[in-house]
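To start, the structure under review is shown below, and the notes come after it.
The chain is numbered in sequence order, starting from 1. Basis for what follows: all heavy atoms, side chains included, without hydrogens, waters or symmetry-related copies. Remember, it's 1-based here, ligands and their atoms both numbered in the order they're listed.
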Amino acid sequence: MDNKAEIDSSRLPRHVAIIMDGNGRWARRRGLPRLMGHRSGVKAVRRVIEEARQMGIAFLTLYAFSTENWNRPREEVEGLMELLYEYLEREFDNLKRQEIRLLVIGEIERMPAGLQERLHRVMEETASFEAMTLNLALSYGGRAELARACRKICDAVAQGRLKCSEITPEIISSNLYTAGQPDPDLVIRTSGEMRLSNFLLFQSAYSEIYVTETLWPDFTPEEFRLAIRDYQRRERRFGKV
Ligand code: FPP
């Protein structure tokens, strides 16, 4: 099937966010260690970034590590951190070639020092690119993000820069990690679970949700296109009739 012809490039979602789930199950089904599932997941990451960039998606957010993921066995956490480091090392040139801006959303300060340094370097060197913004959610949790926004807003009130009566949804939005970005039009979740798992809680208020049974390492550019086509068939009403 040629999906390429069927995507309406004039009605692309501006922002697509993905909950990349199922690496562990992918590995278990093959009798492999969980980390092999994550390793295979990195390849899917690379393919989907390229596809999104070619399609013309302006913002792509990938949930790579949640605040809850710190509770996984130390070996798995360390392995994931190493994979992220390797990924940045290997893909830096590719990101630059594709003029992709990298942004970390989440508690970057909790990442290992070496990884933090690399993330900052890639963010600085890609800051001026405009072809696509890649938000990498690392040590990210929606509730923690909202608590952080509350702290920032409280500071502004305490310093007299803002009145309580002036706090609006827009003010909250502009204090999130995703400040200035459009809300996700489409949230994709792989491997079948029907939940948001603390992902972009404020931003996804009106997002369309697409859930596929496919495990993340098996998620192909073709299936990404399928999700976009599915999105384009939906009627979005934003609470209106
Ligand atoms: C969920 O699968 C996946 C993760 C917690 C990590 C996602 C990380 C990657 C895809 C690789 C690194 C990312 C980048 C951007 C290079 P799971 O382990 O919860 O799977 P399970 O539910 O089947 O156990």
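Residue contacts with ligand 1 for Leu84 involve side-chain atoms from C-beta outward but no N, CA, C or O (heavy atoms, distance under 4.0 Å). By the criterion of a heavy-atom distance under 4.0 Å, the side chain of Arg34, and not its backbone, is placed next to ligand 1. Of the heavy atoms in Arg46, none comes closer than 4.0 Å to ligand 1.
Closest heavy-atom approach to atom 9 (C) of ligand 1 within the set Leu138, Val77, Asn23: this belongs to Asn23. When Thr190, Leu215, Leu136 are checked for heavy-atom proximity to atom 15 (C) of ligand 1, Leu136 turns out nearest. Here the shortest heavy-atom distance to atom 20 (O) of ligand 1, taken over Gly24, Gly192, Ser66, belongs to Gly24.
Ligand 1 has no atom lying under 4.0 Å from any heavy atom of Arg39. Residue Val42 places a heavy atom under 4.0 Å from ligand 1.
Between Arg121 and Glu117, no side-chain nitrogen of the basic residue sits less than 4.0 Å from a carboxylate oxygen of the acidic one, so the salt-bridge criterion is not met. Note on Glu78 versus Arg74: salt bridge recorded, some NZ/NE/NH1/NH2 to OD/OE distance being below 4.0 Å. Using a cutoff of 4.0 Å between basic side-chain nitrogens and carboxylate oxygens, Lys152 and Asp155 are not scored as salt-bridged. Using a 4.0 Å cut-off between charged nitrogen and carboxylate oxygen, Glu86 and Arg39 count as a salt-bridge pair. Glu82 has no carboxylate O lying under 4.0 Å from a charged side-chain N of Arg118, or vice versa, which leaves the two without a salt bridge.
Around atom NZ of Lys96, more than 12 heavy atoms belonging to other residues, nucleotides or ligands sit under 6.0 Å away.
For the pair Ser204 (side chain) and Ser207 (backbone), a donor-acceptor distance under 3.5 Å is absent. No donor-acceptor distance shorter than 3.5 angstrom exists from the side chain of Ser197 to the backbone of Phe199, with no hydrogens or angles considered.
At the shortest separation from atom 4 (C) of ligand 1 among protein heavy atoms lies His38 CE1, 3.9 Å. Shortest contact from atom 19 (O) of ligand 1 to any protein heavy atom: Arg72 NH2, 2.8 Å. Scanning all protein heavy atoms for the shortest distance to atom 22 (O) of ligand 1 gives Arg25 NH2, 2.8 Å.
Distances below 4.0 Å separate heavy atoms of Met20 from the following atoms of ligand 1: 1 (C), 2 (O), 3 (C), 10 (C). For ligand 1, the atoms closer than 4.0 angstrom to any heavy atom of Ala64 are 6 (C), 7 (C), 8 (C). Atoms of ligand 1 lying under 4.0 Å from at least one heavy atom of Tyr87, given by number and element, are 16 (C).
Between Trp26 and ligand 1, no N or O atom pair is found at a separation short of 3.5 Å. Between Asn69 and ligand 1, not a single N/O pair is under 3.5 Å apart. Between Trp216 and ligand 1, a contact under 3.5 Å exists for no N or O pair.
When side chains are defined from C-beta on, Phe65 counts as touching Leu80, because their heavy atoms get closer than 4.5 Å. Counting heavy atoms from C-beta on, the side chains of Ile228 and Pro13 come closer than 4.5 Å. Residues Glu208 and Asp185 form no side-chain contact, since every pair of their non-hydrogen atoms from C-beta on lies 4.5 Å or further apart.
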